[in-house]
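Below: one structure, written as structure tokens.
Convention: sequence-line order gives letters A, B, ...; per-chain numbering from 1.
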Amino acid sequence: MVSLGFNLPALIVVGISVVIGLLMVVMFRYTSDQKAIHIAKDHLKAHLLALRLFQDQIPVVIRSYGRILRATGRYLRLAFMPLLFVSVPLILLLAQIDRYLGSTPFETGHPFLVSARVTGAEALGDATLELPAGLASTAPAVHVPAENEVVWRVVAERDGSFVVNVLTSAQTSAKQVVVGSGMPRLSAVRLRGPWWRRLLYSAEPALPESNLVQTIEVQYPARVIAFAGLEWNWIWLFFVLSLAAGFLFKSILGIEI
Amino acid sequence: MKLRERFPHLLLWLAILGIAVFCPLPSHAYAGPGAGFAVLSSFWTLFVALLYSVYAFFVWPFRQLLRLLKKRKAYGHAQIKRAVILGFDGMDPELTERFIAEGRLPNLAKLREQGSFRKLRTTYPAISPVAWSTFMTGVNPGKHNIYDFLARDLSNYLPYLSSAEIKGPKRSLKIGKYTVPLGGARIKGMRKGTPFWHWLGEAGIFCSVIRVPVTFPPEKFAGVLLSGMCVPDLKGSQGTFCLCTTRASGDKFREGGIRVPVERDGSIFRSYVPGPEDPLKPGSGDELRVDFEIRPDTTGIQARIVADSQNFTLKIGEYSEWIPVKFKAGMGFGAHGICRFYLKELSPEVEVYVTPVNIDPGKPDLPISHPVTYSIYLAKLFGPYATLGLAEDTWALNEHVLDDDAFLAQCYANHDDRERMLFDALEKTQQGLCACVFDTTDRVQHMFWRYLDEDHPAARDVPHDQHPQVIQDLYARMDVLIGRVMKQIDDRTLLMIVSDHGFKSFARCVNLNAWLHQNGYLALKNGKTESGDWFEDVDWSRTRAYTMGLNGLYLNVKGREREGIIANGADTDALKDELRRKLDGLVDPASGRVGITGVFDCDAVYAGPYVDNAPDLLVGYGDGFRASWDSVMGKVTSKIFEDNLKAWSGDHCIDPRLVPGVLFCNRKIAEEKPAIVDVAPTMLKLFGLALPGHLDGKPWTVAAPEASS
């Protein structure tokens with residue numbers, strides 16, 4: 001924690017929002033048809049003004065509503081086209097930032113669930129959880145045959161980064177579990193499957209494709225960031241702040257959005 | 001293949017869709033400020049539209065009820081549902097008939113055949129601001145107070161713009177060397193009388209009025225109006241162009257332009273666009289500026305121009321689009337303008353012409369429309385457009401800063417904008433009045449008459465092979481426009497084509513001040529044989545008569561003019577008679593032609609509360625003659641008659657009987673000799689309204705469509 005009335009995650013989100021706001025606006029500038037967007041926005045404003053100027057001319061008002069809808073569609077099409085270029089790096093970046101800011105580690109003494117999804121009923125029956133020192137199971141495993149899932153209730157006795165193992169037949173599948181505070185890199189799930197799914201969802205190596213265990217998952221608590229007297233999920237705070245930063249930079253740089 | 005042609009961005013959209021479908025993390029729903037702005041803006045737009053529609057839905061019945069309560073039964077007695085008036089400034093009836101006979105104007109021929117074609121008697125004098133003021137008010141100039149572009153200040157014999165007066169803010173705050181204005185500029189319209197669209201608006205008949213002259217400042221009424229002729233540029237003048245040049249010259253342009261140096265800095269050339277006076281230092285003469293750079297490329301035929309954060313490339317002989325420029329004065333004060341750049345030359349010298357800086361219609365610093373949002377609406381819909389009253393830069397052509405091609409390109413660019421505005425107004429005004437005035441006809445005829453009249457003194461150096469048909473093409477183009485309008489109207493719409501005056505050659509200049517001087521009516525100070533502009537070196541204590549402006553002749557009346565010497569009453573009457581006798585029929589010794597065909601006593605021509613502001617006499621020049629450029633500016637020269645060598649080679653500021661306008665209508669009009677003063681009462685009658693008693697015009701008898709067909 002820092003002593004400016006902000007906590008560190010909030011400061012980080014502010015910093016990230018400003019930088020990304022600037023970068024995205026600049027990227028938008030170079031990947032969009034600025035003139036077309038300018039014209040589309042102007043047409044929208046014109047049709048809105050027409051509603052007021054010709055308010056007693058009912059056919060004009062009705063036509064203006066139609067044109068507002070069409071102009072909105074055109075504007076959205078023009079504005080979203082550059083998102084192909086902007087959204088790919090941004091989504092990857094947000095997915096990585098989410099590892100640090102999206103959740104908090106488990107707290108000592110607070111139980112949490114470890115769930116494993118397996119292939120086949122046989123593996124479901126065989127699956128057991130092997131816990132390292134510092135973690136303890138507090139209840140028998142719950143089997144959910146409909147989902148091919150086994151769930152264990154675990155509690156941490158101390159802070160630390162632990163590895164839990166799910167054992168099926170002769171295979172061992174490991175998963176990292178973090179207990180403590182701060183902003184460590186957290187991975188809620190370890191899975192097998194295509195690389196892009198791991199890139200977006202997991203911060204751990206893939207499970208082998210031959211493995212009977214498909215995923216091992218824990219649900220870290222969502223991080224709540226205090227900012228401006230409110231409690232925020234980081235993505236909402238980022239949404240507001242990056243919009244504000246984008247608005248500022250677009251005005252300064254004369255970029256049409 | 002077909003699918004791909006129909007949806008050229010299909011792959012892109014599929015990719016975006018794929019990301020959206022396969023990446024369902026909450027964070028992925030937001031893809032940066034771009035998406036945020038797009039979604040928020042669209043939502044906001046639709047929200048505002050929805051909110052307004054709900055408001056309009058609930059308010060509309062009450063508005064209708066209010067109308068009924070006020071007995072505003074619009075269209076109750078109307079003979080027409082809609083009137084469309086197209087004004088073509090200066091369209092000449094003789095030329096029109098000639099071109100119709102040559103088969104160049106099929107649509108006007110059709111109108112003449114199905115409806116009416118008449119010569120339209122104009123005003124005294126036949127000058128646009130006077131004639132259009134009469135057109136809209138239905139009264140003679142004695143009641144609307146416009147007698148010329150200029151009026152004279154009785155306290156100092158200097159001119160001022162007759163249509164509007166612009167003053168600084170009423171209050172200001174002095175902070176050190178700065179004077180901070182508290183409030184906006186004060187604008188006072190000088191034209192009196194009530195335009196007929198006010199009466200229509202009061203009766204609940206909607207009106208769209210576009211660029212009718214002398215509608216600045218815009219007056220409040222129930223309709224929309226875009227001001228026309230007399231709207232100033234950002235400098236407050238009626239159009240000051242700028243020639244930025246590396247060519248050294250001590251010459252100043254006579255009027256209408258400024259020469260600005262271009263400084264070389266390596267391969268870059270720097271100059272500036274002069275703007276209005278610094279509002280924080282009123283009276284200091286300090287002007288605001290917008291700097292710009294010219295960066296010629298290696299080809300030598302084009303250059304990149306960087307002006308006020310705008311960046312564009314121009315080839316030699318090419319205009320830019322309208323470029324927004326902001327003149328910053330500090331403390332947040334400034335002025336928004338638009339101008340166009342024209343690259344004239346890159347080698348051996350660098351020259352760029354910049355149009356007068358027009359008031360930005362999207363961010364108007366002065367009101368140029370009613371409501372003020374109308375000019376903004378048009379700017380948003382069509383992009384920036386010329387707002388200056390006299391938008392076509394005739395002075396730049398007169399001064400050889402622009403050549404014929406560049407001038408024509410400028411005229412038709414403005415004309416195209418006006419056409420777009422007209423068709424939008426037609427669409428928006430399905431009932432009511434739609435009136436639009438086009439200036440191109442006037443400007444092109446002024447500047448290109450020398451192509452029509454090969455004996456014109458200014459035609460000697462004209463390359464007649466370049467624009468042999470320029471005026472014929474002008475009329476044909478207007479005819480095409482009229483044809484497009486005819487296709488958009490129905491039987492219950494009245495279409496009227498009017499012009500305020502016709503046109504004649506302006507081959508010979510008459511310096512009436514020189515005549516007055518040589519005949520003992522105007523005296524110069526000791527030893528002087530010529531005066532400077534605006535009566536510099538005129539001895540008023542011995543001067544009985546003087547002239548300034550285009551047709552007005554003034555007596556130096558005791559108790560009226562600052563140094564008047566003629567007693568009002570019998571003396572003025574006698575002097576007027578004497579001048580009329582001597583001037584009427586004045587012959588040009590060089591050609592043997594009559595230079596002045598009529599001199600009119602304003603007391604006889606005008607009637608109304610503002611007659612005292614009128615000139616004492618109006619001079620009607622003969623065909624081929626007009627007041628000289630010097631005489632207009634209050635200058636006494638040694639020659640009375642001289643050749644007009646300027647590109648400005650056609651004119652209409654002559655004997656009004658020689659330059660009637662045109663009247664076309666899609667219905668039969670009974671009157672054989674209609675006048676422009678009759679238009680306003682005719683419109684009121686057609687819409688079923690009672691005529692105010694003070695109108696001078698008489699409504700025409702217009703046949704119903706069945707009778708017309």
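Heavy-atom distances place no part of B:Ser309 under 4.5 Å from chain A, backbone and side chain included. Neither the backbone nor the side chain of B:Leu378 has a heavy atom closer than 4.5 Å to any heavy atom of chain A. Contact of A:Arg67 with chain B is made through the side chain alone, with heavy-atom distances under 4.5 Å. If you measure heavy-atom distances from A:Ile58 to chain B, the contacts under 4.5 Å come from the side chain alone. Neither the backbone nor the side chain of A:Ala245 comes within less than 4.5 Å of any heavy atom of chain B. Residue contact with chain A, scored on non-hydrogen atoms closer than 4.5 Å, involves the backbone and the side chain of B:Tyr374 alike.
B:Ser320 contributes a side-chain N or O that, together with a main-chain N or O of B:Phe341, makes up a donor-acceptor pair within less than 3.5 Å. When atom types are taken as modelled, the side chain of A:Arg223 and the backbone of A:Tyr100 share a donor-acceptor pair closer than 3.5 angstrom. Without hydrogens or angle criteria, A:Thr215 side chain to A:Glu217 main chain gives no donor-acceptor distance under 3.5 Å. For the pair B:His370 (side chain) and B:Phe221 (backbone), a donor-acceptor distance under 3.5 Å is present.
With respect to the salt-bridge test (charged N to carboxylate O, under 4.0 angstrom), the residues B:Glu427 and A:Arg63 qualify. The residues A:Glu204 and A:Arg192 are annotated as not salt-bridged, no charged nitrogen and carboxylate oxygen being separated by less than 4.0 angstrom. Taking the charged nitrogens against the carboxylate oxygens, B:Glu318 and B:Arg340 have no contact shorter than 4.0 Å, which rules out a salt bridge. Between B:Asp417 and B:Arg420 a salt bridge is recorded (basic side-chain N to carboxylate O distance below 4.0 Å). Using a cutoff of 4.0 Å between basic side-chain nitrogens and carboxylate oxygens, B:Asp490 and B:Lys81 are scored as salt-bridged.
Residues from residues 379-386 of chain B that place a non-hydrogen atom less than 4.5 Å from a non-hydrogen atom of chain A comprise B:Lys380, B:Leu381, given in numerical order.
If you tally non-hydrogen atom pairs under 4.5 Å between each of A:Leu49, A:Leu53, A:Val60 and chain B, the highest count goes to A:Leu53. Contact tally against chain B (heavy-atom pairs below 4.5 Å) for A:Lys45, A:Gln55, A:Met27: the top residue is A:Gln55. Counting heavy-atom pairs under 4.5 Å between each of A:Gly73, A:Ala50, A:Ser17 and chain B puts A:Ala50 at the top.
To the nearest 0.5 Å, atom CG of residue A:Leu101 and atom CZ of residue A:Phe238 are 10.5 Å apart.
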